[in-house]
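Numbered from 1 within each chain, the chains take letters A, B, ... in sequence-line order. This one's a predicted model, so the numbers in the text were calculated from it and none came from an experiment.
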There are 2 protein chains.
Amino acid sequence: MSPTHAPAGAVRQGSLRELNLALVLGRIAAADRPPSRADLATATGLTRATVSAVVEDLLAGRLVDEADPAPRAGAGRPARGLVLADQGPAGLGLEVNVDYLTVCVVDFAGQVRHRTVYRADLRPVAPADALARLVELAAQARADAARQGLTLAGAALAVPGLVDDTGLVRLAPNLGWHDVAVPALLAEHPALTEQVPGVPALVVDNEANLAALGELHSRPPGPASFLHISGEVGIGAGIVLDGALFRGVRGWSGEIGHLPVHPQGRPCRCGGRGCLEQYAGQEAIVAAAGLARAELPADTATARLAQLADAGDADALRALHDAGTALGVAVAGVVNLLDLDTVVLGGGYAPLAPWLCPPVLAEIAGRVLTAAWSPVTVRPSTLGAEAAAVGAAGSVVRRIVAQPAGWLTRTG
Amino acid sequence: MSPTHAPAGAVRQGSLRELNLALVLGRIAAADRPPSRADLATATGLTRATVSAVVEDLLAGRLVDEADPAPRAGAGRPARGLVLADQGPAGLGLEVNVDYLTVCVVDFAGQVRHRTVYRADLRPVAPADALARLVELAAQARADAARQGLTLAGAALAVPGLVDDTGLVRLAPNLGWHDVAVPALLAEHPALTEQVPGVPALVVDNEANLAALGELHSRPPGPASFLHISGEVGIGAGIVLDGALFRGVRGWSGEIGHLPVHPQGRPCRCGGRGCLEQYAGQEAIVAAAGLARAELPADTATARLAQLADAGDADALRALHDAGTALGVAVAGVVNLLDLDTVVLGGGYAPLAPWLCPPVLAEIAGRVLTAAWSPVTVRPSTLGAEAAAVGAAGSVVRRIVAQPAGWLTRTG
DNA sequence: GCTATTTGTTCAACGATTGAATTATTTGCT
DNA sequence: AGCAAATAATTCAATCGTTGAACAAATAGC
C-alpha cells in the first residue's frame, strides 16, 4: 500500500553506495540463514557484481564475516555465507527504573555479551547519584566488552518517563524525576563510548519505546507493525508501525496507561478519570488481589501474583481477569484505531500473560469491527525482564545496520 | 528523531535520477512561492548543475512550468520561478456516499477543475447501478477535462467502509454494501483514465483516509502528523503520521467510531458496548437534540443542528456539548497514544466545530498527560463537504509528484 | 557605462552500477 | 577417474548521473 518513499535528503553520487551498503547489510541482518552473495543479488535486485563490491566493503570494515558454507542440495560451487560480525561495533544499553539499574552490551549480531543488574530502590536516590552509579557499571561493561574484542559505538538509556529529543527527562513520575538533563549530568563523567559518525553518543528514550524496539529486532523478529505494552507501575506502550518505532510529534507517544476505560471512574494522578492505569496498573492488580503492597518489593509482586494464580487463588484470578478486561477495552480501541494484528505483553505483564490474554482477547473479539475477518494475536514478549536495556543496546547497533557508511569511513 | 530511511528496493544507477526527480518536484510542490533552480539547489543539497538537469527533464515532461520572474531585492540575474504545471496529468476523484455521488477532477497543481454532485439516496440502489451512474458522471468529467487540456492519469474512489487492498469493499454498513468487488464491476465499463506507469488505474479507499489526504495536501498544507475525523453517520478517522497516511496492517485503520467511551454503555451494532458512535454519531446527536430523524434528509441534519445551535436552542446546545465531550474522551485517548498536536474535524463535524471544539479541548486538557507542556490544536477542516472526493483526486496527482519517473518515461 | 551580484548552463572528470565474459568449485553421471 | 553440468563469485570495459569549476546571461547600483 504505502509506496517506496524517497530519502528525505538529496541523493548524491556517493549516496548510491551508502544506500546499497545499508540495503545489503539489512538483508544480511534480516535473513534466517547466512545468505550468499548470489542470494543477496536476487533478494535486492542488484547485480552480483555490485553485491560483491558492496560485500567487499563490509568485509573490509569488519561489519560482516564469512561463515562456513551452508549445506545446499544440487551441483555447483558452494556459496559462502555472510553473517553479521560478532567482533565489530557493539551497543551499550542502560536502564534506570524504580528498583534496579541495568547495563548490558549487545554485539553487532544482536547477542547479549554483557549484563549487569544492580537492585536498589532508586526513588530516594538523587538523579545525579543514580546516574553516577550507572556510569560505574557502564565503565565495567566497557572494560568487559574490550576484553571480548568489542568496541562500544554508542549508548542508549531507557527511562520510565517522558523524554524530549534533547535527552531531557521531563517527567518520570514513578521514579520521582522531574526535568533531569541527563546528557549534561553524564558529561561530567568519562565518555561511555567511542565517537562514531552517524551514531549519537547517547540517546535517552522511554523504556516502552526501547522495549518495543528490542522485540522488533529479536529472533525471530517481531512483525512489522505491533503494539508492545510494558506493564509496570505505569503502563506504557511502544508503537511499531511498518518496521519503525513511531515516537509521536514530540516523542511522547505510547501513553496507553491514560486511555480512559471508565470515563467517570477512579480519579488518576494525571488529572483524568478512569484511566487504564487505575485498573490494570501493577498497584491496582496487587491491591485487587488482596496483597498489601508494602509487603512486597515491586520486582517480586508480579512473580507472587503469578504464583498465586497458578495455585488457583480466587482473589488473584479475579484480579487478573478484571485487569485483563480493562486492558482489553483499551487494546480493542487501539486495534480499532490502528488496525494492528499483533499485541505483545511485555514488562510485568509477560509472566502474567496466561491469565491476561483470555480476557484481552475476549474484549477484542467483542469490540473490534474487523476481528471477524482476521484474528489479532496477543502474546507475551520474547525478551525477559530487561527488555528495555537490551532493546536500548540493540538500537545502537541497529542504527549502524541502517547507516553503515559512518562506521566504515571511521575505520577508513 | 527518525533518521532518513533507505528506499525499500535496490538503488540502481537510474534510481538516482528517479529519486532526485521526486526530490526536486516535491520541493516545488511544497514551496510557498515559485522557487528558482538556485533555491532548489540550496534547499535540496544538490548542485545547481544537477538541479538544472533534473528541471529540464521535468519541463520536457510538462510536469513543471516556468512562471513569471518573482520580484526579488538586490542585484543579479533574475530568477525564473518554477511551478507545477496546470496542463499536465490530472486526477479523477470519485465518491459514493449514503446520499450523494461526487466526481471531481484535480489538476497537477492541486486546483479543482471539475466537480459534479449527484444527490440521491443510494441505500436502496444496487452497487452495480450506483457505480454505473458514477461511470456516467466520470465520462462527462473526462470530456470536460480533455476540453481543458488535462489528461486523467488515474482515479481514486472514496467509500464509507472497509476496503481491502484489492479494491474489495468488505463492508460499508451505512450504504448497505457487503463484499462489493468494485474493480470487477468497473471493468465492464469503458476505462475512466489513461494507463500511466506507476499510477494504478483505480484505487478504492476509505473516505476518511482520502479526506485526511486532502487535508494534508490542501493549501496551506496540513501538519506532518494529525488526526482527521470524519463525522458522518459513522465516525471514521484518517491518521497521518510523518506526512504519510497510516492505513494499518490490512488497510482498516481509523475506526475511531468504535473506541469505547462508556464501556458498559449502549450496545453498538459492532457488537461492543458504549462505542463513540453511539454518543457522537450523527444519529445520536440528532436524537439527543430532539429532532426526529425521519424529518430530515441526512445531508441537511448537520446544517439544521448548526442553525439551531446558532439560535441558542438549549436542546441542540446540550446535545452538541455531550457529543463533544464523548468525542473528547476518545480524542484524548488517541492523543495520549500517538502524541499528536493537531486534530481536524471534518465531514459533518466541520460546520459543528464551533460547538464541538470547546468540550473536546476540555477533555484533552483534563486527560492528556502532556497537554500542560504543549497545546493540542482542534480545528475544522479547510476543505468542504466533498473533501473525500477532492482528496481522492489529489492522491492521484500526489502519487505522480512522489514518483514522476513513470509519467516522464510514458511521454518520453 | 562599469562593477558587483546572482542565475543558469556547459563540460571534462569521477564514482558507482551494469552486463557479459571468465574463473572457481562442487555434484552427478559414466 | 574423468567429464559435463551447475552454481558462485570475480573481472573489466561501457554507461549513466552527479560533481565542481568555469563561463555566459541578466540585472541593480553607482
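- Under a 4.0 Å N-O distance rule, the pair B:Asp165/B:Arg247 does not qualify as a salt bridge.
- Here the side chain of B:Arg142 pairs a donor or acceptor atom with the backbone of B:Ala191 at under 3.5 angstrom.
- For CZ of B:Arg113, the number of neighbouring non-hydrogen atoms (other residues, nucleotides, ligands) closer than 6.0 Å is greater than 12.
- Residue A:Thr47 has no polar side-chain atom (N or O) positioned under 4.0 Å from OP1 or OP2 of C:dT17.
- Put simply, CG on A:Leu23 is 11 Å from P on C:dT17, counting in whole angstrom units.
- No more than 12 heavy atoms of other residues, nucleotides or ligands lie within 6.0 Å of CD in A:Glu56, so this atom counts as exposed by the packing criterion.
- Across the protein-nucleic acid pair, B:Leu40 atom CG and C:dT6 atom C1' stand 15 Å apart, rounded to whole Å.
- The phosphate of C:dT17 (OP1 or OP2) has a side-chain N or O of A:Asn20 nearer than 4.0 angstrom.
- Regarding contacts with the backbone of D:dT19, a side-chain N or O of B:Thr50 is found under 4.0 angstrom from either OP1 or OP2.
- Every residue two or more places apart in sequence or in another chain that forms a side-chain hydrogen bond (donor to acceptor under 3.5 Å, both in side chains) with B:Thr47 is listed here: B:Thr50.
- Rounded to whole Å, the distance from CG on A:Leu16 to C1' on D:dT18 is 10 Å.
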Pairs under 3.5 Å (N/O, protein and nucleotides 7-11 of chain C):
residue : atom : partner : partner atom : Å
C:dT7   : O4'  : B:Arg77 : O            : 3.3
C:dT7   : O2   : B:Arg77 : NE           : 3.4
C:dT7   : O2   : B:Arg77 : NH1          : 2.9
C:dG8   : OP1  : B:Arg80 : N            : 2.7
C:dG8   : OP2  : B:Arg37 : N            : 3.1
C:dG8   : OP2  : B:Ala38 : N            : 3.1
C:dG8   : N7   : B:Arg48 : NE           : 3.4
C:dG8   : O6   : B:Arg48 : NH2          : 3.4
C:dT9   : OP2  : B:Arg37 : NE           : 3.4
C:dT9   : OP2  : B:Ser52 : OG           : 2.4

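- Following rounding to the nearest Å, B:Leu58 (CG) and D:dG17 (P) show an atom-to-atom distance of 14 Å.
- In this structure, A:Arg17 atom CZ and D:dT18 atom P are separated by 17 Å, rounded to whole Å.
- Between the side chain of A:Asp107 and the backbone N or O of A:Gly110, at least one donor-acceptor pair lies under 3.5 Å.
- Summarising the geometry, the separation between CG on B:Leu19 and P on D:dG17 is reported as 12 Å, rounded to the nearest angstrom.
- Taking atom CG of A:Leu46 as the reference point, atom C1' of C:dG19 lies 14 Å away to the nearest angstrom.
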